[in-house]
**Student:** 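To start, I am sharing the structure in question, which I have written as structure tokens.
Note that these values count all heavy atoms, side chains included, but never hydrogens, waters or copies made by symmetry. Counting starts at 1 for both ligands and their atoms, following the listed order. The chain is numbered in sequence order, starting from 1.
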Amino acid sequence: MDKASISFNNKTYEFPVVSGTENEYGIDISSLRKDSGGLITFDRGFKNTGSCKSSITFLDGENSILRYRGYSIEDLADKASFLEVTYLLIFGELPTKDQLDKFHADIKDESHVDEEMKKILDGFPRSAHPMGVVSSLTSALIAFNPSSVNIESDEDMYNAIVKLVAKFPVLCSWALRKKLGRPLDYGDDNLDFVENIVKMMFKKPNQEYKINPIVVNALNKLLILHADHEQNCSTSTVRIVGSSHAGLFASISAGVSALWGPLHGGANQAVIEMLEGIKKDGGDTKKYLEKAKDKDDPFRLMGFGHRVYKNYDPRAKVIKRSADEVLNDLGVKDEVLDIAKGLEEEALKDDYFVQRKLYPNVDFYSGIIYRALGIPVDMFTVMFALGRLPGWIAQWREMRQTKEPIGRPRQIYTGENHREFKSINNR
Ligand code: SDX
């Protein structure tokens, strides 16, 4: 089981097979091009290509398993706080009470953002998409924290991590408050981490903010469920940007931009827009399933399908259950929840979706909860980024500390062969 061979042009090349702690196997082709005099593999979208070894998150798409550092997502969503999961993902272990208290105290100490940053925020029109605002502000943090992380120093690494974990939620709440035309808020050190995020986002300037435990618990669960997902598009972006030794803040800013796309984290916004469209069109879910199956129709069933999950996304299961609970507890009736459930029920019986193993993913129901919590639809992907931050940081730290080489894939060139230059009069 520890060797694989590739034959080409009557020659056979042997390669070692690497394996992990969950019986996954990969052919290590690091010497392929050198041994064969130029042969490379070709794998559009890296669907069959492992980019790294990682000990952070394990994902089994066939059996709907997702674990952070060995703990199941169901257990963590049910029993942990988002701050505990942040610590677990980044440092590898669930924190003791003292470790968690110190982590939170250090975060509170760094939860201010330089006043000058407000000038950058002021430069955006209120209509700016919050993801663009958050990506820019995250990148701007570099200007106020110029020293790049010395990854040889645990203290330097810890301080950079605390700064980002502390300031990112402030920037996300500022993006929302800018949109709503509300004065910026710094939160309250007497609150727990997620309570503080909720207050920074929703507090009205003229009112005492009353923490609603239903909202806090729902957000705590959603942030945990989004916290990491191994080598997805935005995490791979964070790792490849960091592999050039660009700083942590710059790498995370790039990850925010990658997450924005509707095929990735932007899908939670696209799902609600799709469901609203179906509702406006009379709620005819069968018509939209047919559109999703029609190759000539660009319509896709947003929130459905996944590169890795060929079974139900375990996060979607937890979120769907939580959507029922939260809407019920808040006394919110949202017609699109019923439309979503109807779509799911019909799709899971439809050959097109069954054959392609297309199931609801993390984005299919999350927007329904965000909306019930009073979060505007174009802030949904910012909430995804807020959850994903610890995963991005953990993966960046692992990539730098394991001294990964700069990421630089090869290509198969399909352009013009050599041709002589022609002066402009002869073209
Ligand atoms: C996230 O990677 C991660 O881990 C991501 C994520 C994370 O936590 O980081 O889980 C978060 O991004 C979840 C996915 C959110 N995106 C969406 O919901 C957008 C809708 N889904 C699709 O666009 C699609 O399913 C992807 C992008 C998620 C996955 O695409 P793949 O793996 O490249 O699969 P594919 O596009 O090659 O599809 C395979 C087949 C195709 O049909 P055939 O050509 O074989 O006939 O399935 C079809 C596709 O047309 N298909 C869909 C579909 N998704 C796939 N058809 C209709 N509706 C869909 N949603």
**Student:** Backbone, side chain, both or neither: what part of N361 comes under 4.0 angstrom of ligand 1, heavy atoms only?
**Tutor:** side chain
**Student:** From the options H264, M274, M302, K310, select the one whose nearest heavy atom is closest to atom 11 (C) of ligand 1.
**Tutor:** H264
**Student:** Out of V308, N268, N232, who gets a non-hydrogen atom closest to atom 2 (O) of ligand 1?
**Tutor:** N232
**Student:** Do D313 and ligand 1 have an N or O pair less than 3.5 Å apart?
**Tutor:** no
**Student:** Does atom CG of L330 have more than 12 heavy-atom neighbours from other groups under 6.0 Å away?
**Tutor:** yes
**Student:** K295 heavy atoms, cut-off 4.0 Å: which ligand 1 atoms fall inside?
**Tutor:** 42 (O), 43 (P), 44 (O), 46 (O), 50 (O)
**Student:** Under a 4.0 angstrom heavy-atom cut-off, which atoms of ligand 1 come close to A267?
**Tutor:** 15 (C), 16 (N), 17 (C), 18 (O)
**Student:** In a check of ring-ring contact (aromatic ring centres under 6.0 Å, His included) between H229 and each of Y68, F58, Y309, which one passes?
**Tutor:** Y309
**Student:** As a check for students: among H306, K293, R44, R356, identify the option with a heavy atom nearest to atom 40 (C) of ligand 1.
**Tutor:** R356
**Student:** Quick one: pull up OG1 in T86 and CG in L389 and give me the separation to the nearest 0.5 Å.
**Tutor:** 7.5 Å
**Student:** Any non-hydrogen atom of G45 lying under 4.0 Å from ligand 1?
**Tutor:** no
**Student:** Does the N or O separation between L263 and ligand 1 drop below 3.5 Å for any pair?
**Tutor:** yes
**Student:** Show me the pairs that pass salt bridge (Lys or Arg N to Asp or Glu O under 4.0 Å) and involve residues 362-389, at least two apart or across chains.
**Tutor:** K179-D378, E276-R371, D334-R371
**Student:** Quick one: nearest non-hydrogen protein atom to atom 21 (N) of ligand 1, plus distance?
**Tutor:** F304 O, 2.9 Å
**Student:** Do I65 and R67 have side-chain heavy atoms sitting under 4.5 Å apart?
**Tutor:** yes
**Student:** Closest by any non-hydrogen atom to atom 57 (C) of ligand 1: pick that one out of A292, P360, G303.
**Tutor:** A292
**Student:** Taking 4.0 angstrom as the limit and counting only heavy atoms of R307, give me the atoms of ligand 1 inside it, by number and element.
**Tutor:** 29 (C), 31 (P), 32 (O), 33 (O)
**Student:** Step by step, work out the side chain to side chain contact (heavy atoms under 4.5 Å, CB included) result for Y365 and L337.
**Tutor:** CA-CA 8 Å; Y365 289 102; L337 178 56; 3.8 Å; yes
**Student:** Would you call E93 and R69 a salt bridge, using N to O less than 4.0 angstrom?
**Tutor:** no
**Student:** Considering only heavy atoms, does Y352 approach ligand 1 within less than 4.0 Å through its side chain, its backbone, both, or neither?
**Tutor:** side chain
**Student:** Could you pull out all residues at least two apart from W174 that satisfy ring-ring contact (aromatic ring centres under 6.0 Å, His included)?
**Tutor:** Y186
**Student:** Quick one: does ligand 1 sit under 4.0 Å from the side chain of K47, the backbone, both or neither, non-hydrogen atoms only?
**Tutor:** side chain
